[in-house]
Number of protein chains: 2
Amino acid sequence: MSLRHGLLGLLAEGPASGYDLARRFTEVLGSIWPAQHPKIYAELNKLAAEGLVEVESEGPRRRKAYRITDPGVVEVKRWLTDVDVDHTMRLQPLLRSLFFWMMDTDELQRHLEAEASYYRELADQYRDYAARKDRGEFGYSEQTQSMRVTIEAGIRLYSALADWAEWAQTVPPAKPTPPHANG
Amino acid sequence: MSLRHGLLGLLAEGPASGYDLARRFTEVLGSIWPAQHPKIYAELNKLAAEGLVEVESEGPRRRKAYRITDPGVVEVKRWLTDVDVDHTMRLQPLLRSLFFWMMDTDELQRHLEAEASYYRELADQYRDYAARKDRGEFGYSEQTQSMRVTIEAGIRLYSALADWAEWAQTVPPAKPTPPHANG
DNA sequence: CTAGGACATGTCCCTAGGGACATATCTGAG
DNA sequence: CTCAGATATGTCCCTAGGGACATGTCCTAG
């Protein structure tokens, strides 16, 4: 139920169309909160029906830009302060890591190298983003300040995963002889 | 579609009942791959129907222990090596962080402190687990070696998030006067 | 003037997951 | 003997999300 509040939050920065929002979701939020355009349009219609957003303008190509309403702002703030954070994390790579013992050493090494470079690349992307932000490319509004904080989380998270994948390559595959079974 | 392979992987370590598996999922995997018992039982029945697992024994209280079959083992290995890793990450706390600018400073500080201690606690839990593993409490099988690697990821991930939440508390709320607007 | 491509919004279906509810079985405390 | 509580397995419904498919609109290159 966070797509709803994600949209409201983005609209709190200023009016935007479903298309704009879909682009922002894939560009900025792609790796931490994926959302497909069909869901976005559907949710926008629901939000409009509930009066949390309203059509601000209609443009060419049936474009509809939405604006957040006062009740909409109230709702995002309520969500931010009164609703418990959902800490659910569902990371398939970590689930897989439980079963590394079933892979043979070569495969595992290849896998871990691929994972490491995947995470390293994402971390670098976020780092670039942060550098551009710090250079002032996106201005100095409070919104971009928050974005900077989100980006920092991306950097740290993906760096941690990259380091982990590299570290895992150095872990000895298994103990062939348990300590109590020698002799 | 990973619950399926999670169950197969756990069963590859040895026979277990749905109840056992549910416990393992909440205890070890709770924070990185949540799964409710109804889904687990349903999936086990499907897996049994497809011949990837079979009933190993029936115990008291209608207990059914399952054992992985050869095709089951083949299927986990296929998943581990041939199926692309799903890197989807959906972290509500990061989505929320995009909207920190809508919270007032006090609320935000309280929020970040709560987040930091939440993550710190989880990191500590994983660290304890790792220490127990390193002391040999869980033996030295290849399975526990893999578990150790998974735990390490938990430690690093949650430490990174805790550090981030602490760091975020030191970030100035916003720039009241943009650099080009002074004078 | 016409066709390809970007812009823009949607429908539809299927599966995964959350969570409330139901039920059977066994053990141990009183 | 009885009842609480742990063990153990399920049904059912609802929502969220993934992804294929459909459609309309405008611009621009040829």
Side-chain angles (χ1 to χ4, degrees), chain A residues 1-8 10-11 15-27 29-50 53 55-66 79 83-92 95, chain B residues 1-8 10-11 15-27 29-50 53 55-66 79 83-92 95:
Chain A
M1 227 4 198
S2 297
L3 174 59
R4 176 182 203 76
H5 296 102
L7 292 172
L8 284 175
L10 289 180
L11 285 174
S17 69
Y19 194 80
D20 297 336
L21 293 166
R23 248 190 312 114
R24 288 204 61 185
F25 260 94
T26 55
E27 282 172 10
L29 291 163
S31 55
I32 58 154
W33 201 270
Q36 273 78 25
H37 73 265
K39 283 290 155 182
I40 291 174
Y41 290 118
E43 196 61 48
L44 281 172
N45 283 328
K46 272 195 228 169
L47 287 169
E50 293 171 38
V53 304
V55 175
E56 181 236 11
S57 65
E58 310 214 358
R61 292 168 181 139
R62 321 169 92 208
R63 178 193 171 88
K64 271 185 294 181
Y66 291 90
W79 178 65
V83 178
D84 283 342
V85 180
D86 179 359
H87 289 104
T88 306
M89 203 184 270
R90 191 172 241 112
L91 298 179
Q92 205 198 68
L95 179 63
Chain B
M1 231 0 200
S2 298
L3 174 58
R4 176 182 204 76
H5 296 103
L7 292 172
L8 284 175
L10 289 180
L11 285 173
S17 68
Y19 195 80
D20 297 335
L21 293 165
R23 247 189 313 113
R24 288 203 62 184
F25 260 93
T26 55
E27 281 170 13
L29 292 163
S31 56
I32 58 155
W33 201 271
Q36 273 77 27
H37 73 266
K39 283 289 154 183
I40 291 174
Y41 289 119
E43 196 62 48
L44 281 172
N45 284 327
K46 272 194 230 168
L47 287 168
E50 293 170 39
V53 304
V55 175
E56 180 235 13
S57 65
E58 309 215 356
R61 294 168 180 139
R62 322 169 90 208
R63 177 192 172 88
K64 273 186 291 181
Y66 290 90
W79 178 65
V83 178
D84 283 341
V85 180
D86 178 0
H87 289 105
T88 305
M89 203 184 270
R90 191 172 240 111
L91 298 179
Q92 205 199 67
L95 179 64

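Below, chain A is the first sequence line, B the second, and so on; all start at residue 1.
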Residue closer to the 5' end of DNA chain D, B:His37 versus A:Pro34 (nearest nucleotide): B:His37
Under-4.0 Å side-chain N/O to phosphate OP1/OP2 contact, B:Arg90 with D:dG17: yes
CG-CZ distance between B:Leu10 and B:Arg24, expressed to the nearest 0.5 angstrom: 5.0 Å
B:Ile40 CD1 to D:dA8 P, straight-line distance once rounded to whole Å: 14 Å
d(CD, A:Gln92; P, C:dG17) in whole Å: 11 Å
Side-chain donor or acceptor of B:Ser17 paired with backbone N/O of B:Asp20 under 3.5 Å: yes
Distance, nearest 0.5 Å, that separates OG1 of B:Thr26 from CG of B:Leu21: 11.0 Å
B:Pro38 side-chain proximity, nearest of D:dT11, C:dG10, D:dG17: D:dT11
Nearest to side-chain heavy atoms of B:Arg61, which nucleotide of D:dG17, C:dA8, C:dT27: C:dT27
B:Tyr41 OH - C:dA20 P separation (whole Å): 18 Å
Integer-rounded Å distance: D:dG19 C1' and B:Asp86 CG: 14 Å
Length of the CZ-C1' vector between B:Phe25 and C:dG17, whole Å: 13 Å
Under-4.0 Å side-chain N/O to phosphate OP1/OP2 contact, B:Tyr19 with D:dA8: no
NZ/NE/NH1/NH2 to OD/OE distance under 4.0 Å, B:Arg90 and A:Asp86: no
Pairwise 5' ranking along DNA chain D for A:Ala35 and B:Ala42, keeping only the more 5' one: B:Ala42
Phosphate contact (D:dT9 OP1 or OP2) by B:Arg62 side-chain N/O below 4.0 Å: no
Nearest-Å distance for atom pair CZ/P, residues A:Arg4 and D:dT15: 12 Å
From C:dT9, C:dG17, D:dG10, nucleotide with atom closest to B:Trp33 side chain: C:dG17
Nucleotide nearest B:Lys39 (side chain, heavy atoms from C-beta), chosen from D:dG24, C:dG10, C:dG17: C:dG17
Phosphate OP1/OP2 of D:dG18 contacted by A:Gln36 side-chain N/O (<4.0 Å): yes
Atom pair distance, as rounded to whole Å: CG in B:Leu21 and P in D:dT7: 15 Å
Separation of B:Lys46 NZ from B:Lys39 NZ (nearest 0.5 Å): 7.0 Å
Value in whole Å for how far the P atom of D:dA8 lies from NZ of B:Lys64: 13 Å
